[in-house]
Amino acid sequence: MIQYFSIILMLIGIFGLLIDRNILKLIVSLNVFEIGLNLFIVSIGFVNNGIAPILTANNSSSNLNFVDPLPQALVLTSIVIGLGITSLGLAFARKIYKEYNTFDLNEMGGNN
Amino acid sequence: MKKVLAFILVAILGYFMITGLMTAQEFSTYGNVNLDEKISRNFIDKDVNGKSDEIIYGQTSNPETGSANYVTSIIANYRIFDTLGEVTVLFVSALGVSLLFGKNTKKYNFYESNFILKTASKMIFGLILVVGIYIFVHGHLTPGGGFPGGAMIASSILLMYLADNEFKANINKFKQAESLSGSLILVIGLLGIVTSGYFFYNFLPTGTVGETFSAGIIPIIYTLIGLKVGSELSGVIYNFMLEGGEQ
(Lines give C-alpha, C1' and ligand atoms only; values in the text may rest on other atoms or scores of the structure.)
Protein backbone atom coordinates (compact mmCIF):
# COMPACT_ATOMS: atom_id res chain seq x y z
CA MET A 1 0.00 0.00 0.00
CA ILE A 2 2.76 2.43 0.94
CA GLN A 3 4.26 1.86 -2.50
CA TYR A 4 1.18 3.39 -4.14
CA PHE A 5 1.26 6.33 -1.73
CA SER A 6 4.90 6.98 -2.56
CA ILE A 7 4.12 6.83 -6.29
CA ILE A 8 1.34 9.39 -5.71
CA LEU A 9 3.84 11.58 -3.84
CA MET A 10 6.22 11.32 -6.81
CA LEU A 11 3.41 12.29 -9.18
CA ILE A 12 2.57 15.32 -7.04
CA GLY A 13 6.20 16.36 -7.31
CA ILE A 14 6.21 15.96 -11.11
CA PHE A 15 2.93 17.90 -11.36
CA GLY A 16 4.47 20.73 -9.33
CA LEU A 17 7.54 20.75 -11.54
CA LEU A 18 5.32 21.01 -14.63
CA ILE A 19 2.95 23.79 -13.61
CA ASP A 20 4.93 26.07 -11.28
CA ARG A 21 6.93 29.04 -12.47
CA ASN A 22 8.35 30.06 -9.10
CA ILE A 23 11.92 28.91 -8.48
CA LEU A 24 11.45 28.18 -4.78
CA LYS A 25 8.31 26.16 -5.49
CA LEU A 26 10.22 24.24 -8.18
CA ILE A 27 12.89 23.33 -5.62
CA VAL A 28 10.20 22.23 -3.15
CA SER A 29 8.56 20.12 -5.89
CA LEU A 30 11.90 18.51 -6.63
CA ASN A 31 12.23 17.65 -2.94
CA VAL A 32 8.71 16.17 -2.80
CA PHE A 33 9.53 14.07 -5.87
CA GLU A 34 12.74 12.89 -4.25
CA ILE A 35 11.05 11.98 -0.96
CA GLY A 36 8.47 9.90 -2.82
CA LEU A 37 11.20 8.14 -4.74
CA ASN A 38 13.20 7.42 -1.57
CA LEU A 39 10.10 6.03 0.18
CA PHE A 40 9.45 3.79 -2.81
CA ILE A 41 13.00 2.44 -2.88
CA VAL A 42 12.98 1.75 0.86
CA SER A 43 9.59 0.01 0.60
CA ILE A 44 11.02 -2.40 -2.01
CA GLY A 45 13.26 -3.92 0.65
CA PHE A 46 10.62 -4.38 3.34
CA VAL A 47 10.10 -7.91 4.67
CA ASN A 48 7.04 -8.86 6.74
CA ASN A 49 7.93 -8.91 10.48
CA GLY A 50 11.48 -7.98 9.54
CA ILE A 51 13.85 -6.23 11.93
CA ALA A 52 16.35 -3.47 11.26
CA PRO A 53 19.52 -4.84 9.61
CA ILE A 54 21.83 -4.33 12.58
CA LEU A 55 23.36 -7.08 14.71
CA THR A 56 22.95 -6.26 18.40
CA ALA A 57 23.25 -8.21 21.63
CA ASN A 58 19.52 -9.02 21.42
CA ASN A 59 19.37 -9.81 17.69
CA SER A 60 22.67 -11.59 17.52
CA SER A 61 22.48 -14.00 14.58
CA SER A 62 22.64 -13.44 10.83
CA ASN A 63 19.88 -16.03 10.29
CA LEU A 64 17.20 -13.71 11.69
CA ASN A 65 14.52 -12.13 9.50
CA PHE A 66 16.22 -8.88 8.50
CA VAL A 67 14.83 -6.38 6.03
CA ASP A 68 16.85 -5.83 2.87
CA PRO A 69 19.79 -3.51 3.70
CA LEU A 70 20.74 -2.73 0.09
CA PRO A 71 17.88 -0.30 -0.76
CA GLN A 72 18.52 1.55 2.50
CA ALA A 73 22.17 2.04 1.56
CA LEU A 74 21.20 3.30 -1.89
CA VAL A 75 18.62 5.69 -0.40
CA LEU A 76 21.28 7.14 1.91
CA THR A 77 23.29 8.00 -1.20
CA SER A 78 20.23 9.53 -2.82
CA ILE A 79 19.39 11.64 0.26
CA VAL A 80 22.88 13.15 0.37
CA ILE A 81 22.81 13.93 -3.36
CA GLY A 82 19.38 15.53 -2.88
CA LEU A 83 20.86 17.73 -0.17
CA GLY A 84 23.61 18.84 -2.52
CA ILE A 85 21.14 19.59 -5.32
CA THR A 86 18.88 21.56 -2.97
CA SER A 87 21.72 23.68 -1.62
CA LEU A 88 23.01 24.45 -5.12
CA GLY A 89 19.49 25.22 -6.34
CA LEU A 90 18.86 27.60 -3.46
CA ALA A 91 22.17 29.33 -4.15
CA PHE A 92 21.14 29.83 -7.78
CA ALA A 93 17.72 31.09 -6.64
CA ARG A 94 19.35 33.70 -4.41
CA LYS A 95 21.63 34.78 -7.24
CA ILE A 96 18.65 35.07 -9.62
CA TYR A 97 16.68 37.09 -7.08
CA LYS A 98 19.59 39.50 -6.76
CA GLU A 99 19.69 39.90 -10.54
CA TYR A 100 15.96 40.19 -11.36
CA ASN A 101 14.30 41.01 -8.00
CA THR A 102 11.79 38.23 -8.52
CA PHE A 103 11.52 34.47 -8.13
CA ASP A 104 8.98 34.12 -10.95
CA LEU A 105 10.32 32.81 -14.23
CA ASN A 106 7.58 34.61 -16.22
CA GLU A 107 8.46 38.03 -14.83
CA MET A 108 12.14 37.71 -15.68
CA GLY A 109 11.67 38.20 -19.41
CA GLY A 110 14.83 37.58 -21.35
CA ASN A 111 15.27 36.98 -25.05
CA ASN A 112 12.91 34.15 -25.88
CA MET B 1 -5.01 24.80 -20.08
CA LYS B 2 -1.44 24.14 -19.00
CA LYS B 3 -2.64 22.67 -15.74
CA VAL B 4 -5.02 20.32 -17.55
CA LEU B 5 -2.27 19.13 -19.88
CA ALA B 6 0.09 18.60 -16.94
CA PHE B 7 -2.61 16.71 -15.06
CA ILE B 8 -3.29 14.43 -18.04
CA LEU B 9 0.43 13.75 -18.46
CA VAL B 10 0.86 12.95 -14.76
CA ALA B 11 -2.25 10.74 -14.79
CA ILE B 12 -0.93 8.72 -17.74
CA LEU B 13 2.44 8.35 -16.05
CA GLY B 14 0.81 7.29 -12.78
CA TYR B 15 -1.43 4.79 -14.57
CA PHE B 16 1.56 3.09 -16.20
CA MET B 17 3.60 3.07 -13.01
CA ILE B 18 0.83 1.63 -10.83
CA THR B 19 -0.35 -1.00 -13.33
CA GLY B 20 3.26 -1.90 -14.01
CA LEU B 21 3.83 -2.35 -10.30
CA MET B 22 0.69 -4.50 -9.97
CA THR B 23 1.41 -6.82 -12.89
CA ALA B 24 5.20 -7.18 -12.81
CA GLN B 25 6.14 -10.82 -12.35
CA GLU B 26 9.75 -10.33 -11.28
CA PHE B 27 8.81 -7.70 -8.72
CA SER B 28 7.85 -9.01 -5.28
CA THR B 29 4.72 -7.60 -3.69
CA TYR B 30 5.13 -5.38 -0.65
CA GLY B 31 6.55 -7.27 2.31
CA ASN B 32 6.91 -10.61 0.51
CA VAL B 33 10.55 -10.17 -0.46
CA ASN B 34 12.59 -13.35 -0.34
CA LEU B 35 16.11 -12.32 0.58
CA ASP B 36 17.54 -15.72 -0.39
CA GLU B 37 16.97 -14.83 -4.05
CA LYS B 38 18.74 -11.51 -3.70
CA ILE B 39 22.31 -10.34 -3.46
CA SER B 40 21.51 -8.93 0.00
CA ARG B 41 21.66 -12.45 1.44
CA ASN B 42 25.39 -12.47 0.68
CA PHE B 43 25.78 -9.10 2.35
CA ILE B 44 23.93 -10.32 5.47
CA ASP B 45 25.95 -13.54 5.68
CA LYS B 46 29.11 -11.59 4.83
CA ASP B 47 30.07 -14.23 2.25
CA VAL B 48 30.45 -12.62 -1.17
CA ASN B 49 33.65 -14.64 -1.46
CA GLY B 50 31.85 -17.90 -0.72
CA LYS B 51 32.32 -18.80 2.97
CA SER B 52 28.84 -18.97 4.41
CA ASP B 53 28.79 -19.40 8.17
CA GLU B 54 26.32 -17.90 10.60
CA ILE B 55 27.50 -14.55 11.91
CA ILE B 56 27.01 -14.23 15.67
CA TYR B 57 27.28 -10.91 17.48
CA GLY B 58 30.27 -10.81 19.82
CA GLN B 59 31.63 -14.22 18.75
CA THR B 60 32.41 -14.37 15.04
CA SER B 61 35.91 -13.10 14.46
CA ASN B 62 37.48 -11.97 11.20
CA PRO B 63 34.49 -12.11 8.85
CA GLU B 64 34.67 -10.27 5.53
CA THR B 65 33.61 -7.01 7.10
CA GLY B 66 33.33 -6.88 10.86
CA SER B 67 30.58 -4.28 10.80
CA ALA B 68 27.55 -5.10 12.94
CA ASN B 69 25.47 -2.58 10.97
CA TYR B 70 24.76 -4.14 7.59
CA VAL B 71 23.90 -0.84 5.92
CA THR B 72 27.31 0.49 6.93
CA SER B 73 29.04 -2.62 5.63
CA ILE B 74 27.41 -2.00 2.26
CA ILE B 75 28.05 1.75 2.16
CA ALA B 76 31.63 1.77 3.41
CA ASN B 77 32.87 -1.58 2.18
CA TYR B 78 30.96 -3.53 -0.48
CA ARG B 79 29.71 -0.58 -2.51
CA ILE B 80 32.24 2.06 -1.56
CA PHE B 81 32.56 3.30 -5.15
CA ASP B 82 28.99 4.62 -4.76
CA THR B 83 30.03 6.41 -1.60
CA LEU B 84 33.10 7.86 -3.27
CA GLY B 85 30.91 9.24 -6.05
CA GLU B 86 28.45 10.55 -3.49
CA VAL B 87 31.17 12.39 -1.61
CA THR B 88 32.34 13.82 -4.93
CA VAL B 89 28.83 15.04 -5.79
CA LEU B 90 28.51 16.71 -2.39
CA PHE B 91 31.94 18.30 -2.84
CA VAL B 92 31.01 19.65 -6.26
CA SER B 93 27.75 21.15 -5.00
CA ALA B 94 29.55 22.77 -2.04
CA LEU B 95 32.10 24.09 -4.53
CA GLY B 96 29.30 25.51 -6.67
CA VAL B 97 27.74 27.29 -3.69
CA SER B 98 31.06 28.81 -2.68
CA LEU B 99 31.71 29.88 -6.29
CA LEU B 100 28.36 31.66 -6.42
CA PHE B 101 28.75 33.42 -3.07
CA GLY B 102 32.54 33.61 -2.99
CA LYS B 103 32.79 37.34 -3.61
CA ASN B 104 30.46 38.22 -0.76
CA THR B 105 32.23 39.44 2.33
CA LYS B 106 29.69 40.94 4.72
CA LYS B 107 27.89 38.60 7.10
CA TYR B 108 24.12 38.81 7.37
CA ASN B 109 22.99 40.13 10.75
CA PHE B 110 19.91 38.69 12.39
CA TYR B 111 18.07 40.45 15.20
CA GLU B 112 20.07 41.18 18.34
CA SER B 113 20.01 38.12 20.59
CA ASN B 114 19.90 38.38 24.38
CA PHE B 115 22.27 37.01 27.00
CA ILE B 116 20.26 33.88 27.83
CA LEU B 117 20.05 32.75 24.20
CA LYS B 118 23.78 33.26 23.66
CA THR B 119 24.80 31.32 26.80
CA ALA B 120 22.35 28.47 26.29
CA SER B 121 23.32 28.01 22.66
CA LYS B 122 26.97 27.78 23.66
CA MET B 123 26.08 25.03 26.12
CA ILE B 124 24.03 23.08 23.57
CA PHE B 125 26.68 23.60 20.86
CA GLY B 126 29.17 21.29 22.59
CA LEU B 127 26.56 18.62 23.24
CA ILE B 128 25.42 18.52 19.60
CA LEU B 129 29.05 18.38 18.47
CA VAL B 130 29.80 15.43 20.78
CA VAL B 131 26.68 13.54 19.68
CA GLY B 132 27.63 14.08 16.04
CA ILE B 133 31.14 12.75 16.63
CA TYR B 134 29.72 9.78 18.55
CA ILE B 135 27.38 8.98 15.65
CA PHE B 136 30.09 8.81 13.04
CA VAL B 137 32.66 7.05 15.22
CA HIS B 138 30.09 4.32 16.07
CA GLY B 139 28.73 4.14 12.52
CA HIS B 140 29.67 0.46 12.20
CA LEU B 141 27.77 -0.56 15.36
CA THR B 142 24.69 1.63 15.67
CA PRO B 143 22.35 3.45 13.27
CA GLY B 144 23.91 6.51 11.72
CA GLY B 145 27.30 7.08 10.22
CA GLY B 146 29.42 9.65 8.49
CA PHE B 147 26.69 11.56 6.69
CA PRO B 148 24.23 12.04 9.61
CA GLY B 149 27.14 12.78 11.97
CA GLY B 150 28.53 15.38 9.60
CA ALA B 151 25.09 16.93 9.22
CA MET B 152 24.81 17.19 13.01
CA ILE B 153 28.18 18.94 13.25
CA ALA B 154 27.04 21.40 10.58
CA SER B 155 23.76 21.94 12.44
CA SER B 156 25.66 22.89 15.59
CA ILE B 157 27.54 25.50 13.55
CA LEU B 158 24.21 26.72 12.15
CA LEU B 159 22.84 27.05 15.69
CA MET B 160 25.77 29.27 16.67
CA TYR B 161 25.32 31.43 13.57
CA LEU B 162 21.61 31.89 14.28
CA ALA B 163 22.02 32.58 17.99
CA ASP B 164 25.03 34.86 18.04
CA ASN B 165 25.76 37.65 15.58
CA GLU B 166 29.39 37.91 16.69
CA PHE B 167 30.06 34.21 16.11
CA LYS B 168 32.71 33.56 13.48
CA ALA B 169 33.72 30.04 12.52
CA ASN B 170 37.26 29.68 11.26
CA ILE B 171 36.28 28.81 7.71
CA ASN B 172 39.84 28.25 6.52
CA LYS B 173 40.34 25.51 9.09
CA PHE B 174 37.16 23.87 7.79
CA LYS B 175 38.48 23.96 4.25
CA GLN B 176 41.78 22.41 5.37
CA ALA B 177 39.97 19.66 7.31
CA GLU B 178 37.78 18.96 4.29
CA SER B 179 40.61 18.62 1.79
CA LEU B 180 42.77 16.64 4.23
CA SER B 181 40.05 14.08 4.99
CA GLY B 182 39.08 13.84 1.32
CA SER B 183 42.68 13.07 0.39
CA LEU B 184 43.04 10.57 3.23
CA ILE B 185 40.00 8.62 1.97
CA LEU B 186 41.74 8.21 -1.39
CA VAL B 187 45.03 7.32 0.32
CA ILE B 188 43.27 4.51 2.18
CA GLY B 189 41.86 3.28 -1.13
CA LEU B 190 45.32 3.32 -2.68
CA LEU B 191 46.75 1.45 0.35
CA GLY B 192 44.31 -1.31 -0.57
CA ILE B 193 45.93 -1.53 -4.01
CA VAL B 194 49.39 -1.64 -2.47
CA THR B 195 48.62 -4.32 0.11
CA SER B 196 46.27 -6.63 -1.79
CA GLY B 197 45.72 -5.43 -5.32
CA TYR B 198 42.17 -4.02 -5.05
CA PHE B 199 41.12 -0.40 -4.70
CA PHE B 200 39.52 0.13 -1.24
CA TYR B 201 40.25 -3.44 -0.15
CA ASN B 202 39.56 -3.97 3.57
CA PHE B 203 43.18 -4.73 4.39
CA LEU B 204 43.04 -4.34 8.18
CA PRO B 205 42.00 -7.26 10.43
CA THR B 206 38.23 -7.08 10.86
CA GLY B 207 38.12 -8.22 14.49
CA THR B 208 35.10 -9.50 16.40
CA VAL B 209 31.65 -8.39 15.24
CA GLY B 210 30.23 -5.81 17.65
CA GLU B 211 33.40 -4.49 19.24
CA THR B 212 34.39 -0.85 18.94
CA PHE B 213 37.73 -1.62 17.30
CA SER B 214 36.49 -3.90 14.55
CA ALA B 215 35.48 -3.82 10.89
CA GLY B 216 38.91 -2.89 9.55
CA ILE B 217 38.89 0.29 7.49
CA ILE B 218 35.14 1.01 7.89
CA PRO B 219 35.35 3.18 11.07
CA ILE B 220 38.36 5.05 9.67
CA ILE B 221 36.60 5.81 6.39
CA TYR B 222 33.37 6.78 8.13
CA THR B 223 35.22 9.11 10.51
CA LEU B 224 36.91 10.78 7.54
CA ILE B 225 33.59 11.04 5.69
CA GLY B 226 31.98 12.55 8.79
CA LEU B 227 34.71 15.18 9.09
CA LYS B 228 34.51 15.91 5.37
CA VAL B 229 30.73 16.21 5.25
CA GLY B 230 30.63 18.26 8.45
CA SER B 231 33.18 20.78 7.24
CA GLU B 232 31.62 20.92 3.76
CA LEU B 233 28.14 21.62 5.07
CA SER B 234 29.53 24.17 7.54
CA GLY B 235 31.14 25.89 4.56
CA VAL B 236 27.80 25.86 2.70
CA ILE B 237 26.05 27.40 5.73
CA TYR B 238 28.77 30.03 6.03
CA ASN B 239 28.37 30.92 2.35
CA PHE B 240 24.61 31.29 2.71
CA MET B 241 25.17 33.62 5.68
CA LEU B 242 27.11 36.09 3.54
CA GLU B 243 25.53 39.03 1.76
CA GLY B 244 26.66 42.14 -0.09
CA GLY B 245 30.20 43.25 -0.70
CA GLU B 246 29.97 42.38 -4.38
CA GLN B 247 29.22 44.28 -7.54
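Chain letters run A, B, ... following the sequence lines, proteins first, then strands; residues in each count from 1. These values consider heavy atoms only, across backbone and side chains, with no hydrogens, waters or symmetry-generated copies.
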Query raised in the report: Measuring from I18(B):CD1 to Y4(A):OH, what's the distance to the nearest 0.5 Å?
Result: 7.5 Å
Query raised in the report: When rounded to the nearest 0.5 angstrom, what distance separates CZ in F15(A) from CZ in F7(B)?
Result: 7.0 Å
Query - Residue selection (most heavy-atom pairs with chain B, distance under 4.5 Å) from I54(A), I81(A), N49(A) - result: I54(A)
Query raised in the report: Which residue out of I74(B), V89(B), N239(B) racks up the most heavy-atom pairs below 4.5 Å with chain A?
Result: I74(B)
Query raised in the report: Counting only heavy atoms not in K3(B), do more than 12 sit closer than 6.0 Å to its NZ atom?
Result: no
Query raised in the report: Rounded to the nearest 0.5 Å, how far does CE of M17(B) lie from CD1 of I7(A)?
Result: 5.0 Å
Report summary line: Most contact-rich option vs chain A, by heavy-atom pairs under 4.5 angstrom, among V71(B), L233(B), L5(B), is V71(B)
Report summary line: The interface call for L76(A) against chain B, heavy-atom contacts under 4.5 Å, is both
**Report entry** Spacing of L83(A) atom CG and S93(B) atom OG [to the nearest 0.5 Å]
**Finding:** 7.0 Å
Query - Within 6.0 Å of CZ in F199(B), more than 12 heavy atoms from elsewhere - result: yes
**Report entry** Shortest non-hydrogen separation from V236(B) to S87(A) and the atoms involved
**Finding:** CG1-CB, 4.2 Å
**Report entry** Residue, of V47(A), L11(A), L88(A), I19(A), that accumulates the most heavy atom pairs under 4.5 Å with chain B
**Finding:** L11(A)
Query - Segment of P148(B) engaging chain A (4.5 angstrom heavy-atom cut-off) - result: neither
Requested in this report: Any chance you could lay out the side chain to side chain contact (heavy atoms under 4.5 Å, CB included) test for M22(B) and Q3(A), step after step, and finish with the verdict?
Outcome: CA-CA 10 Å; M22(B) 278 172 170; Q3(A) 291 184 321; over 6 Å; no
**Report entry** Non-hydrogen atoms of L100(B) and A91(A) that approach each other most closely
**Finding:** CD1-CB, 3.7 Å
Report task. Would you give the length of the straight line joining atom CG of L21(B) to atom CZ of F40(A), rounded to the nearest 0.5 angstrom? Result -> 5.0 Å
**Report entry** Heavy-atom contact with chain A under 4.5 Å, split by part of V209(B)
**Finding:** side chain
Query raised in the report: Checking L74(A) against chain B: side chain, backbone, both or neither under 4.5 Å from a heavy atom?
Result: side chain
Query raised in the report: Is it the backbone or the side chain of V97(B) that comes under 4.5 Å from a heavy atom of chain A, or both, or neither?
Result: both
Query raised in the report: Any sub-3.5 Å donor-acceptor pair from R94(A)'s side-chain atoms to F240(B)'s backbone N or O?
Result: yes
Query - Residue, of I8(A), I12(A), T56(A), that accumulates the most heavy atom pairs under 4.5 Å with chain B - result: T56(A)
Query raised in the report: Which one of L18(A), L70(A), V67(A), I2(A) has the most heavy-atom pairs closer than 4.5 Å to chain B?
Result: L70(A)
Query raised in the report: Is it the side chain or the backbone of I44(A) that comes within 4.5 Å of chain B heavy atoms, both, or neither?
Result: both
Query raised in the report: Has F92(A) got more than 12 heavy atoms of other residues, nucleotides or ligands less than 6.0 Å from its CZ?
Result: no
Query raised in the report: Rounded to the nearest 0.5 Å, what separation is found between the CG atom of L9(B) and the CD1 atom of I14(A)?
Result: 8.5 Å
**Report entry** S78(A) versus chain B, the contacting section by heavy-atom distance below 4.5 Å
**Finding:** neither
Query - Exceeds 12 heavy-atom contacts within 6.0 angstrom, atom OH of Y238(B) - result: no
